[in-house]
Amino acid sequence: MINRSLDNPYGPKIDVKKRGSIRRLFAFVGPAYLVSVGYMDPGNWATDIEGGARFGYMLIWVLLMSNIMAVVLQTLCARLGIVTGLDLAQGCRREYSRLLNFFLWILAEIAIAATDLAEVLGTIVGLNLLFDLPLIWGCLLTAFDTFLFLALQQLGMRKMESFIVMLVATIGACFLIEVYLAKPDWGGIASGFIPHLQPSALYVAIGMIGATVMPHNLYLHSSLVQSRAVSNTYTGKKEACKYNLIDSVVALNAAFFVNAAILIMAAADFFSRGIVVTEIQQAHSMLDGLLGTRLAPIAFAVALLASGQSSTITGTLSGQIVMEGFLNMRMRPWLRRLLTRSIALVPAVIVIALSGDTGLYRLLILSQVVLSLQLPFATIPLIHFTSDPGKMGAFANRKWVKICAWIIAAIIVVLNLKLVFDELSGWLGSSPAWMLVAVMLLVTMVLGVLVYITFGPFFRPGHRWESAVTTAAQDIAAAVAPLHVKHIGVALQHAAGDAVIVSAAVAEAKVHHARITLLHVMDAPGTMILGEESWSLHGEEDKVYLESLTREIEERDLPVEFLLLHGQPSEEIVKAANDAGFDMIIMGSHGHQGLDDLVFGQTVSAVRHALNIPVLVVRSYGLERAQHG
């Protein structure tokens, strides 16, 4: 049995079977907004403020690139959870060995601790700015905000999502005010979307990527989407993937707006005046003097506090999902929350005691770089899982999606390797030999794991998960698409049964907005020999018949024409279909059986086997017999 990490904590799944596409969309809205708060948490503030204050508008393109990367990766996460019923951590447990899973779990926990550290620091600083609460007292207060999450958890997933959306809206409103008051250079903002990077900006740029594309969000999103009661069919899952894509694009673009607004504010207020910002409190205090209004610093502090609190909730959820997924171990939510918060508070208290405000700011930047270093160990398994037809069936990544995803992974890995090399070169230059050896061994082990999870699946088949049962029905459903019919050929018999054939043709033409060509084949002996050069009274009757029917159909505002053919019926119909480029043929069944088939022929079967377009056969022989009877 699949152990879905969100089944028990949040009660019954949310019903998404609503009437109307808008109502169905809103039933799916929510998971991406919980994820999006991780893209505008206090860690983002630190990197965005530093990026704007030191380099002006130059790094806006890094935010845009990070946002595009985030949309792609979060969409893959949602697809993984919807299609397989497993989150990313649970997928890793099924795919990798116990030792490798333990290693990946440790890395994930480090990332979550770094995330929670940023959230703790944001809440501490927000309380300090709004209420002048000492930083150390803020540490103690944040130890108890875990109860806020527990209270929200008892209300259910939908109310928790609503609370998060309210906090996100608060952050967005605050920064609308900030950007309006800052009066930025819009030309400079536009130039910031052109990719260019100074060597000195690499550390901050990588921190911005780590702050934007956060590894714990990949585990979180693949689990949150399972809170909806999605039908276990190809059609139901396809619809869920579509609505979750819309949810992700809207929510993550809102996060991009917030991050861009922070960077623009810092560039307009500090970089333009040559002010170097080394801490968030410094940015807050300067806003009052620079902009000449008390509203700017208040909006800044409120947004920071809302950011810290909203991110706290998602960090807690991620911790539960990662522990359950990798280790298949449940821990009481309050105990898990206190453990995660304690791990984050210890370094915060130490840094506050030793270096105060400046140390907090540098610790925020470091937490985002740590997140960026962990990213490859979440993104690469995700790409492999979602590209495997044995796991995803008809939902496996298409070729262009795989190319985009691997380009994103390559960018992340290359930038991280560059960062590690630069940092270790400077740090180990004056370190003792034993430390150099220890660090090199650790780096070699981590790189070995990265190489294994990256290239291993290309040389060995992946495991088939028990949840990913695929059948031919999924392949058929995936190929279902509306017919594009613009020209319909209608083979008539010049008999009473033609009424049914023409009725079917008119109905199809109205649905597809198609034009009609009426066909009748003369197969009298003289016609078979002389073709169009032959003349007979019967032939003239057929022509008048087709002309009259054409006028009758034109009265229904449908484009129609006719062809009078001569020769073997099946051969002439096939030739006319190929020459005229029909998208569909409509014919009547003659009702022959046994010896009659030899005498009267099998036109429908011959036509059906000779053409690769749809052939609609309607029952017309009953009316014809009734007339002759």
Side-chain angles (χ1 to χ4, degrees), residues 476 479-524 527 536-594 596-597 599-629:
I476 297 299
V480 172
L483 289 175
H484 297 287
V485 178
K486 297 301 179 185
H487 194 179
I488 300 173
V490 184
L492 301 177
Q493 303 166 352
H494 196 164
D498 286 350
V500 179
I501 302 172
V502 172
S503 296
V506 169
E508 291 293 328
K510 287 183 176 179
V511 169
H512 298 288
H513 303 287
R515 63 191 178 99
I516 296 172
T517 296
L518 304 178
L519 307 173
H520 178 66
V521 183
M522 293 183 58
D523 57 353
T527 301
S536 68
L537 180 60
H538 182 65
E540 286 299 309
E541 290 176 347
D542 287 338
K543 183 178 179 181
V544 172
Y545 174 71
L546 290 176
E547 289 175 342
S548 301
L549 265 183
T550 298
R551 289 195 296 270
E552 292 291 343
I553 295 173
E554 283 177 338
E555 289 295 321
R556 299 172 183 265
D557 294 324
L558 291 172
V560 59
E561 58 191 6
F562 73 89
L563 290 175
L564 182 60
L565 308 173
H566 306 78
Q568 180 65 34
S570 59
E571 294 176 2
E572 292 300 321
I573 292 173
V574 169
K575 184 176 182 299
N578 291 327
D579 292 343
F582 294 155
D583 300 307
M584 174 185 284
I585 285 280
I586 299 179
M587 305 178 66
S589 57
H590 51 59
H592 299 157
Q593 294 181 357
D596 285 348
D597 273 340
V599 176
F600 297 106
Q602 294 179 309
T603 304
V604 170
S605 296
V607 171
R608 183 170 59 87
H609 287 109
L611 294 175
N612 58 0
I613 60 174
V615 177
L616 175 60
V617 181
V618 296
R619 180 176 178 175
S620 63
Y621 66 87
L623 289 176
E624 184 177 1
R625 289 188 172 181
Q627 182 192 48
H628 291 297

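This one's a predicted model, so the numbers in the text were calculated from it and none came from an experiment.
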Might you point out which heavy atoms bring [X] and [Y] nearest each other, and give the distance in Å?
X      : Y      : result
Val485 : Ala514 : O-CB, 3.5 Å
Ile586 : Glu508 : CD1-CG, 4.1 Å
Val618 : Ile501 : CG2-CG1, 3.6 Å
Gly588 : Val604 : O-CG2, 3.7 Å
Ile488 : Ala505 : CD1-O, 4.3 Å

Is the shortest heavy-atom distance from the side chain of [X] to the side chain of [Y] under 4.5 Å?
X      : Y      : value
Leu611 : Asn578 : yes
Asp498 : Tyr545 : yes
Leu549 : Leu492 : yes
Met587 : Arg608 : no
Leu564 : Met522 : yes

If you round to the nearest 0.5 Å, how far is [atom2] of [Y] from [atom1] of [X]?
X      : Y      : atom1 : atom2 : answer
Lys510 : Leu558 : NZ    : CG    : 6.0 Å
Glu547 : Thr550 : CD    : OG1   : 7.5 Å
Leu616 : Met584 : CG    : CE    : 6.0 Å
His512 : Lys486 : NE2   : NZ    : 9.0 Å
Leu519 : Phe562 : CG    : CZ    : 11.0 Å
Ile516 : Arg556 : CD1   : CZ    : 9.5 Å

Is the His520 ring parallel, tilted or perpendicular to the His494 ring (thresholds 30°, 60°)? perpendicular
Residue set satisfying side-chain hydrogen bond (donor to acceptor under 3.5 Å, both in side chains) with Ser570, at least two apart, ordered chain then number -> none
Quick test of your reading: applying salt bridge (Lys or Arg N to Asp or Glu O under 4.0 Å), list the pairs with at least one residue in residues 565-579, sequence neighbours left out, ordered by first then second residue. Lys575-Asp579
Please assess Thr603 against Val521 for the test side chain to side chain contact (heavy atoms under 4.5 Å, CB included), listing each intermediate value before the final yes or no. CA-CA 11 Å; Thr603 304; Val521 183; over 6 Å; no
